[in-house]
Structure formats: C-alpha cells, structure tokens
Amino acid sequence: MPEEKKSLNFLEQIIEADIAAGLDKEKLRFRFPPEPNGYLHIGHAASICLNFGLGLTYNAPVNLRFDDTNPAKEEQEYVDAIKYDLQWLGFKWANELYSSDYFQQLYDWAIILIKKGKAYVDSQTSEEIAEQKGTPTEPGVNGPNRDRSVEENLALFEKMKNGEFKEGSHILRAKIDMTSPNMLMRDPIMYRILKKSHHRTGTTWNIYPMYDWTHGESDYIEQISHSLCTLEFKPHRELYDWFLDQIYDPNKLRPKQREFARRNLSYTVMSKRKLLQLVNEGIVKGWDDPRMPTISGLRRRGYTPNAIRKFSEIAGIAKRDNVTDVALLEFCIKDDLNKTAPRVMAVLNPVKLVLTNYPVGKEEWLDAENNPEDETSGSRKVPFSRELYIEKEDFREEANKKFFRLKLGGEVRLKNAYIIKAESVVKDPNGEIVEIHCTYEAASKSGSGTDASLRRVKGTLHWVSIQHAVPAEVRLYDRLFNDEAPDAHKGIDFKDFINADSLRINRNAFVEPSLKEATIGDRFQFQRLGYFNIDSDSTATNLVFNRTVALRDSWAKIEKKVTNAQPKTDTTMTEVLNLAGRYLKSREEEERLSLVASITKLSEKVERQKLIELVESAISNKEYLAYLLLFNSGNLSFEKDEDIVKNVNVFIGKALQMKNSYVRFQAVDFVGNNKAYRADYADLLSVMSREDKNTHIVERLKKF
RNA sequence: UGAUCUGUGAUGUAACGGUUAGCAUACAAGAUUUUGAAUCUUGUUGUAUAGGUUCAACUCCUAUCAGAUCAUCCA
C-alpha cells in the first residue's frame with residue numbers, strides 16, 4: 001500500500017501540534033467572520049476554503065459569524081449576499097451567528113473590567129487622545145481621565161449606554177500601558193457612542209463595541225479553538241490575548257488567534273474599499289460585473305464553485321506576501337469546464353461561405369458530440385445547408401504552410417460535416433471579401449465511415465448554417481488592469497492602471513440553433529474559441545453570452561512569433577538586463593559598482609530612441625533598474641523635448657514609486673541629474689524625503 | 001529612528017537537520033488530434049547575501065539586504 005503522505009500547511013501543523021499536546025479533537029471549532037459591509041471576493045474564498053476545509057478534514061463545526069459592530073457601514077443586503085455566495089461555493093456552516101448577539105454579554109464584561117480597574121471612560125476629543133498615544137517610535141503618555149474612580153466610570157458608562165451623551169463625547173478604554181511598543185496596547189478603545197440604527201438590534205444600543213473587544217470574546221463565547229485571520233491582525237494578537245485574560249475561565253477552551261497571508265491575484269485589486277470605488281465610480285457595472293474578482297462577479301462570468309475551490313486548494317496557504325498569477329485561476333476553470341461544458345459551434349466574426357455544388361434548399365441534420373471528454377454526454381443534431389458562416393480569420397486567399405485553415409485551392413474539414421475546398425471569392429467594391437465559394441466532397445461526411453470520410457486534412461473549422469443561425473451578443477472580457485499589482489505602487493492611484501479595453505461587445509455573432517433552449521447561467525464551450533455562459537441580461541429575443549475564458553491559442557503564438565521575428569532580440573539589451581538582475585541580487589557595493597560600469601559601457605551601443613520606446617513596457621524591477629542605469633550612464637542625453645517627455649515622465653513617475661529601493665534610488669538620481677524634470681515630481685519628491693524608509697534615498701534627496 | 005513579521009525558479013507552494021530541493025501553473029519541444037483545445041512524453045529556470053554551528057543547513061545562530069505591518073471613536 002503506497003501510503004501517500006499529504007503535506008500539511010503551517011496552520012494544519014499548528015492544529016496537529018495542539019492535538020498532540022492534548023487538545024481534544026472534539027473541541028476543534030472554526031469560524032468565518034465577515035463584516036457585512038461588502039461582497040465576498042476571491043481573497044475571501046481562500047479564507048472560506050481554509051476554515052471550512054479544516055472543518056471538513058477534522059469533522060469540526062464551522063460557524064458563520066457576521067462581525068456587525070459598526071452600524072454605520074453594515075447592511076442586511078450584504079448579509080444576504082454573503083450567505084448566498086457561501087452556499088453557492090458549496091459550504092455549510094454549523095451556526096449562523098452575529099457579533100451583535102453578544103452585545104449584552106460584552107457590556108456585562110465591560111462592567112467587570114471597569115470594576116477591576118481595567119477600563120475607564122475617557123472624555124477627551126479624538127485629537128487629544130491621538131496626541132497622547134505617541135508614535136511607533138515614541139511612547140505615549142497617560143491622559144487626565146485615566147485615574148477616574150470606578151464609581152465615576154460606572155456612572156459615565158451607564159449614561160453612555162443610555163444615550164445621554166453625544167457621539168464623540170466619551171469612550172470606554174481599556175487601561176493597559178501607554179508606553180507599550182505595540183500601539184494597539186496603548187489603552188485601546190472598547191466602546192464608542194454611535195446613535196445609529198443597527199440592522200439587527202435597531203436602536204437598542206447607543207454604544208457599540210470595537211473590533212478588538214468583540215472578536216476574541218466572540219470566539220470565546222462560541223468556543224472557537226482556532227481563530228484564523230490575515231497577517232495584518234498579527235499586532236492585534238497581544239490585545240486579543242489581553243482581553244481574553246480578563247474574562248477567561250480556565251475550565252473552558254481558550255481560543256487561539258493565528259495569522260496567514262491574504263491571497264492576492266495579479267491584474268486586479270482585492271480590497272473592499274477599492275472594489276467599492278470601482279462600483280461607485282461606474283468603472284464596472286456593479287459588484288457582480290464579470291470583470292470583478294468578487295464571487296458574484298466570477299459566478300456571472302461563468303466560473304464554477306468547483307474551480308474556485310480547486311484554485312484555493314492548489315494555491316495553498318502560507319505567511320508570505322503573494323501575488324498569484326491569474327493564469328492559475330484560469331487553469332482551474334478551463335480544467336473544470338473542459339470536463340463538463342457541452343461543445344457547441346458559434347461564429348463570432350462571420351463571413352459567408354457558399355457550397356456551390358450543394359443542392360439549393362437541401363438541409364441535413366448532422367450528428368455532433370456534446371463532449372468528447374464525457375462519454376455520458378451524448379450527441380445532438382446540427383443543421384447543415386448550402387450557405388454557412390465561418391470565422392473571417394479562418395480564411396485567407398493566400399497563406400504559407402503553417403496556416404492550417406482555409407485558403408484558395410486548399411482543403412479543410414468542416415467540423416461534424418464535410419471536407420471542402422475553396423475555389424473563389426466574391427469581393428465588395430472596397431476589396432473586402434463578402435463570400436467564399438467552395439465545393440464539398442459528398443462522400444467525406446463525418447462518421448459515414450467511407451474512405452473519403454477518413455481522409456485526413458490538416459485543418460478543421462467550426463461553422464453555422466446561415467438559415468438556421470441564431471444571432472447573439474457576445475461579451476469579451478479582458479483583465480481590468482494593465483498592471484500585475486495595480487495597488488502596489490506607492491502614491492500611484494490604482495485606477496491609473498485601468499485597462500480601457502476590458503470589455504468588448506460583439507453584436508454580430510451567430511450560434512447554432514440548439515442554444516435557443518439554453519437558460520441563464522448555462523455554460524458551453526464554443527469550439528475552437530473558448531468557454532462562454534449565458535448572462536443574466538439575456539432574453540428570449542437577445543441571447544447574451546459572456547466569455548468566461550478563451551481556449552489556449554497556439555496559433556496566435558505562432559503568428560505573433562512570425563510578426564515579431566523582424567525586430568530580432570537585441571543582444572545588448574539582454575546583456576544589460578542580465579547585469580541589472582545581478583545588481584538586484586548582489587549585496588556587495590563593489591560588485592554593484594562594477595556592474596554599473598559594465599552597463600555604462602554597454603550604454604554606448606544603445607539607441608536613445610529605442611530605449612525610450614522600451615521604457616513604456618517596463619514591468620519588473622530588473623527592467624526598471626536596467627533602463628534607469630542606462631539613463632544615468634551619462635551616454636544618452638535626456639533634455640526635455642517633446643518626443644521623450646511623455647514616456648520618460650511616466651516611467652520615472654512609476655519608478656519613483658516602485659517597491660525596490662534600488663529602483664527608487666536610481667530614479668531619484670535621474671531626477672537629481674536632470675534638473676528639468678524636477679518640477680514634475682516636486683510633490684512626490686517632498687513626500688519621499690519625509691517618508692521614504694531607505695536612508696540612501698533620503699540622503700540623495702538632501703543633495704538636491 | 002522603534003517594534004513585529006516575511007524572504008525557496010516566471011508564479012503559487014512542499015521539504016521542519018540527512019537521497020539528485022518535490023508538486024502545480026507558466027514557458028519550450030515532440031507525439032497525438034475531425035477543437036492549432038484537451039491528452040501524453042520530455043525539457044528549462046530556484047533556497048536573498050555573508051559568516052557561523054554541525055559529519056551534514058532550505059531548515060539552527062549572527063549580521064546585512066529587501067519587502068510587509070503598526071497612531072480610524074473601521075474591521
């Protein structure tokens with residue numbers, strides 16, 4: 001028996017260790033705690049699959065707990081949407097719970113803390129409080145209300161609760177340590193006055209607990225064994241534990257907070273705030289726009305729950321910052337749909353094809369397999385006739401051997417039908433091809449078993465019969481952003497990277513008649529094109545399809561290679577890029593200097609104009625650094641003239657905000673050496689001189 | 001300037017002191033093909049750097065470098 005050892009992620013290892021240390025397996029319990037202030041996205045899916053996955057592997061309950069402690073931002077609409085998404089993903093929660101269910105318990109505990117002298121009412125303004133809080137590098141100081149008597153605190157807190165004070169006039173704070181290196185421990189706020197109606201408790205409460213006071217205690221009430229959250233909560237753990245210490249009963253299970261890295265996807269953004277902006281500013285059509293990384297967007301786009309779960313599984317979970325390639329997500333959906341989606345024929349850019357030797361008025365209904373990957377899927381009939389549509393791109397009057405499609409005098413098979421030969425074309429006055437005239441070989445009918453039908457021709461095309469074709473609208477989506485990590489550039493608004501071409505609507509498409517029966521949400525493979533589903537905008541008279549994802553297209557790659565062959569790869573530039581790569585890895589000042597010298601030497605061979613064109617497409621640190629080093633080599637001049645201003649300005653602007661400090665340094669150096677550019681970045685540079693963490697950069701800026 | 005955390009190919013992850021650093025994606029080549037898809041086979045790229053501990057280091061220690069997080073009456 002080959003017993004395969006499944007590798008555990010670090011959280012599973014922690015759980016295993018806890019069990020080994022004596023934790024009763026029966027006591028394992030998890031939770032998924034969304035705040036109902038937005039829609040779930042693919043990043044949440046990681047957390048969902050993690051928590052519910054652990055529930056499944058350990059046969060432990062998983063609670064769905066809405067963290068609804070801020071009535072200003074939360075709405076029932078979101079609660080419903082979150083529940084729907086979770087169910088759609090295929091997960092079942094043990095209990096549906098709300099932090100607001102615990103408001104009374106939390107209040108009672110707060111009273112205990114006050115009585116123990118561990119909490120006090122502060123009546124200062126938020127500005128005063130912020131001032132006393134200190135900074136990460138300087139300790140805070142105690143405020144004047146810190147030593148109020150228990151009686152006074154109790155009385156004030158009671159009045160806060162009863163609504164006798166205005167919002168902002170008082171808060172309840174934990175009394176911990178104003179000098180703690182952890183800012184969160186400097187007397188954090190437990191309650192604030194908020195005279196807002198809550199979506200569940202109405203106007204019962206005038207005070208609402210803060211996240212830190214709520215979360216750990218809620219975990220404790222629910223007896224959650226492992227409270228898993230994202231990395232940015234790491235500093236909260238100390239507070240989480242402190243709050244638990246105050247009310248913890250040693251006979252009960254004590255929850256444990258552990259943190260993992262949130263999942264990021266390339267070419268999109270993943271924060272609720274930014275997604276909300278895209279919706280509010282009309283950049284997308286709603287939370288469920290098929291370009292959105294939300295669960296509802298992916299659903300509308302045609303993704304399956306299976307694919308999303310598979311993605312979370314193979315992407316895994318760890319503690320390092322990551323930007324996962326969307327290609328991985330796309331692989332998951334293609335893999336799933338390949339096995340499940342029925343194949344159909346649709347023509348997106350039609351051109352008319354006439355079979356001159358096929359009888360006028362004749363119609364045949366040919367067999368077509370629904371899915372060769374699935375033997376149980378059966379077959380359907382598709383109508384064939386004298387006049388057909390094929391894709392414009394599938395025909396060329398002349399083409400080389402690599403073009404497997406139809407060309408004059410050439411043969412090709414029509415999928416599920418006959419082998420045809422192109423004889424002539426009809427053009428309109430503009431020279432545009434309007435008809436392709438072909439002959440067909442009657443004996444070559446698919447599946448007929450004749451010698452002619454078994455003959456192999458290199459290309460196979462999809463088609464639809466004109467008289468039977470159903471018109472359709474097809475929406476083609478592309479990535480929403482042009483940049484791999486649009487929100488990872490300091491100071492640049494992520495919206496600057498919006499891809500203006502992320503949606504193309506095609507209203508000239510035709511699909512085979514079997515699709516008339518299809519209903520909203522149905523998924524198909526349009527053969528040779530991609531996977532598509534029926535959008536919710538679709539009606540009986542106007543079929544609307546979304547392209548979920550295109551099929552892999554090797555032909556496009558071959559073609560691209562041919563067209564790109566002329567500007568042969570520049571060996572000098574490759575060399576420069578290699579040197580820049582070594583620069584980034586090197587830790588020796590000396591080595592770096594010698595690398596710079598090599599690049600300076602090479603810069604003599606680089607053409608100024610070419611470099612300026614290249615700069616536009618820079619993505620990686622290596623590229624940025626290479627180009628900047630060339631700029632700074634002194635061999636290429638960059639006076640501000642019209643032809644370079646645009647590219648170089650954009651490039652330098654981005655470079656100044658790259659994460660890598662070598663890149664930023666070189667960009668600063670460039671601006672330092674080329675005074676003409678300085679004004680363009682004045683604001684940015686002043687921000688940098690204050691905030692940049694790299695001392696070399698700050699020093700360089702001082703020399704300006 | 002401080003505290004805390006994190007660095008494994010192009011990307012995401014595994015190996016928890018002991019084979020040649022594994023898996024998946026991506027990329028490339030070939031086979032196959034009535035989808036230039038899928039499938040199959042093969043291949044390419046990696047432990048941030050420098051020291052140390054050890055018979056043995058991706059793994060432990062130190063330093064350096066790089067990145068992230070930390071002051072909302074948000075969560």
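Order of the sequence lines sets the chain letters (A, B, ...), proteins ahead of strands, with each chain counted from 1. Hydrogens, waters and symmetry mates play no part in the numbers below; they use all other heavy atoms, side chains included.
Not one side-chain nitrogen or oxygen of A/Arg552 sits closer than 4.0 Å to the OP1 or OP2 atom of B/G36. Here A/Arg528 reaches the OP1 or OP2 of B/G36: one of its side-chain N or O atoms lies under 4.0 Å away. For the OP1/OP2 pair of B/U72 and a distance below 4.0 Å, the side-chain nitrogens and oxygens of A/Arg273 include no atom meeting the criterion. Note on A/Lys319: a side-chain N or O is less than 4.0 Å away from OP1 or OP2 of B/U6. For B/U33, the OP1/OP2 oxygens have a side-chain nitrogen or oxygen of A/Arg456 closer than 4.0 Å. In terms of phosphate contacts, A/Asn694 brings a side-chain nitrogen or oxygen within less than 4.0 Å of OP1 or OP2 of B/A66. Taking side-chain N and O atoms only, A/Lys557 has a distance below 4.0 Å to OP1 or OP2 of B/C27. A close approach under 4.0 Å does not occur between any side-chain nitrogen or oxygen of A/Asn9 and OP1 or OP2 of B/U13. Distances shorter than 4.0 Å separate some side-chain N or O of A/Gln13 from OP1 or OP2 on B/A15. Between A/Ser126 and B/U72 there is no side-chain N or O to OP1 or OP2 distance below 4.0 Å. For B/U69, the OP1/OP2 oxygens have no side-chain nitrogen or oxygen of A/Arg262 closer than 4.0 Å. Here A/Ser661 reaches the OP1 or OP2 of B/A66: one of its side-chain N or O atoms lies under 4.0 Å away.
Geometrically, A/Lys445 does not engage A/Tyr418 in a cation-pi contact defined by less than 6.0 Å to the ring centre and at most 45° from the axis. Seen from the ring of A/Tyr120, A/Arg173 does not count as a face-on cation partner, given the 6.0 Å and 45° thresholds.
Closest to the A/Glu35 side chain, of the nucleotides B/U25, B/A71, B/C74, is B/C74. Listed nucleotides: B/G36, B/U39, B/A71. Nearest to the side chain of A/Thr135: B/A71.
For the C1' atom pair drawn from B/A29 and B/G12, the interatomic distance equals 25 Å after rounding to whole Å. Nucleotides B/A28 and B/A21 are separated by 23 Å at their C1' atoms, to the nearest Å. Nucleotides B/G30 and B/A66 place their C1' atoms 41 Å apart, quoted to the nearest Å. For the P atom pair drawn from B/U64 and B/G2, the interatomic distance equals 10 Å after rounding to whole Å. Here, B/U45 and B/G9 have their P atoms 14 Å apart, quoted to the whole Å. To the nearest whole angstrom, the two P atoms, one in B/G18 and one in B/C58, are 10 Å apart. The same atom, P, is picked in B/A68 and in B/U62; the two are 24 Å apart, to the nearest Å. Going from the C1' atom of B/A75 to that of B/G36 covers 50 Å, rounded to whole Å.
Base pairing analysis places B/U34 opposite nothing; no Watson-Crick or G-U wobble pair with both distances below 3.5 Å involves it. When both distances must be under 3.5 Å, the Watson-Crick or G-U wobble mate of B/C27 is B/G43. Base-pair partner of B/G51: B/C61 (Watson-Crick or G-U wobble, both distances under 3.5 Å).
Across all strands, A/Gln527 comes closer than 4.0 Å to base atoms (heavy-atom distances). At the heavy-atom level, A/Gly134 lies under 4.0 Å from base atoms of the strands shown. Contact annotation for A/Phe66: no contact, since no heavy-atom pair falls under 4.0 Å across all strands. A/Glu127 comes within contact range of no nucleotide atom at all, as no heavy-atom separation falls under 4.0 Å. Base engagement by A/Arg413 is indicated by at least one non-hydrogen atom pair under 4.0 Å involving a base atom. Residue A/Ser554 is classed as a sugar-phosphate contact, given heavy-atom separations below 4.0 Å to backbone atoms only. Here A/Thr230 lies out of heavy-atom contact (under 4.0 Å) with every strand. Among the atoms of the strands shown, none is found under 4.0 Å from any heavy atom of A/Gly459. Within the 4.0 angstrom heavy-atom criterion, only backbone atoms of the sugar-phosphate kind lie near A/Ala315; the bases stay farther away. Heavy atoms of A/Phe331 sit under 4.0 angstrom from primed sugar atoms or phosphate atoms, though from no base atom. Residue A/Thr69 is in sugar-phosphate contact alone, with no base atom involved, counting any heavy-atom pair closer than 4.0 Å across all strands shown. Using a 4.0 Å heavy-atom criterion, one finds that A/Arg664 contacts the sugar-phosphate atoms exclusively. Using a 4.0 Å heavy-atom criterion, one finds that A/Phe233 contacts the bases of the nucleic acid, with or without backbone contacts as well. A/Leu194 comes within 4.0 angstrom of no nucleic acid atom, judged by non-hydrogen atoms across all strands.
Ranked by how close their nearest RNA chain B nucleotide is to the 5' end, A/Lys415 and A/Ile193 are led by A/Lys415. RNA chain B is contacted by both A/Gln525 and A/Val323; A/Val323 maps to the nucleotide lying nearer its 5′ end (nearest heavy atom per residue).
Rounded to an integer number of Å, the gap from CZ of A/Arg320 to P of B/C58 is 17 Å. Atom C1' of nucleotide B/G12 and atom CG of A/Asp321 are separated by 13 Å, given to the nearest angstrom. Between A/Gln132 atom CD and B/C73 atom C1' the separation is 14 Å, expressed in whole Å. Nucleotide B/U35 holds its P atom 16 Å from the CD atom of A/Glu391, rounded to whole Å. Look at CG on A/Leu625: it is 16 Å from C1' on B/A48, rounded to the nearest Å. To the nearest angstrom, C1' of B/G36 lies 12 Å from CG of A/Leu529. The distance from atom CG of A/Asn371 to atom P of B/U33 is 19 Å, rounded to the nearest whole Å. Rounded to whole Å, atom C1' of B/U6 lies 17 Å from atom CZ of A/Arg258.
A donor N or O paired with an acceptor N or O is found under 3.5 Å between the base of B/G36 and the side-chain atoms of A/Arg405. Under 3.5 Å, the side chain of A/Thr324 and the base of B/U11 form no donor-acceptor pair of N or O atoms. Remark: the A/His462 side chain and the B/A37 base include no donor-acceptor N/O pair separated by less than 3.5 Å.
When atom types are taken as modelled, the side chain of A/Glu259 and the backbone of A/Glu232 share no donor-acceptor pair closer than 3.5 angstrom.
By the 5.5 Å and 30° criteria, A/Tyr211 is not stacked with the base of B/A75.
Between A/Arg380 and A/Glu512 there is a salt bridge, since at least one side-chain N of the basic residue sits less than 4.0 Å from a carboxylate O of the acidic one. In this structure, A/Asp187 pairs ionically with A/Arg146, as a charged nitrogen and a carboxylate oxygen lie closer than 4.0 Å. Ionic pairing of A/Asp553 and A/Lys557 is not present here: no N-O contact between side-chain nitrogen and carboxylate oxygen is shorter than 4.0 angstrom. Between A/Lys381 and A/Asp367 there is a salt bridge, since a side-chain N of the basic residue sits under 4.0 Å from a carboxylate O of the acidic one. One finds a salt bridge joining A/Lys274 and A/Asp487 here, because a Lys/Arg side-chain nitrogen approaches an Asp/Glu carboxylate oxygen to under 4.0 Å.
Between the OG1 atom in A/Thr460 and the CG atom in A/Leu406 there is a gap of 12.0 Å [rounded to 0.5 Å].
Only one option out of A/Lys407, A/Lys415, A/Arg528 pairs with A/Asp394 in a salt bridge (charged side-chain N to carboxylate O under 4.0 Å, His left out); it is A/Arg528.
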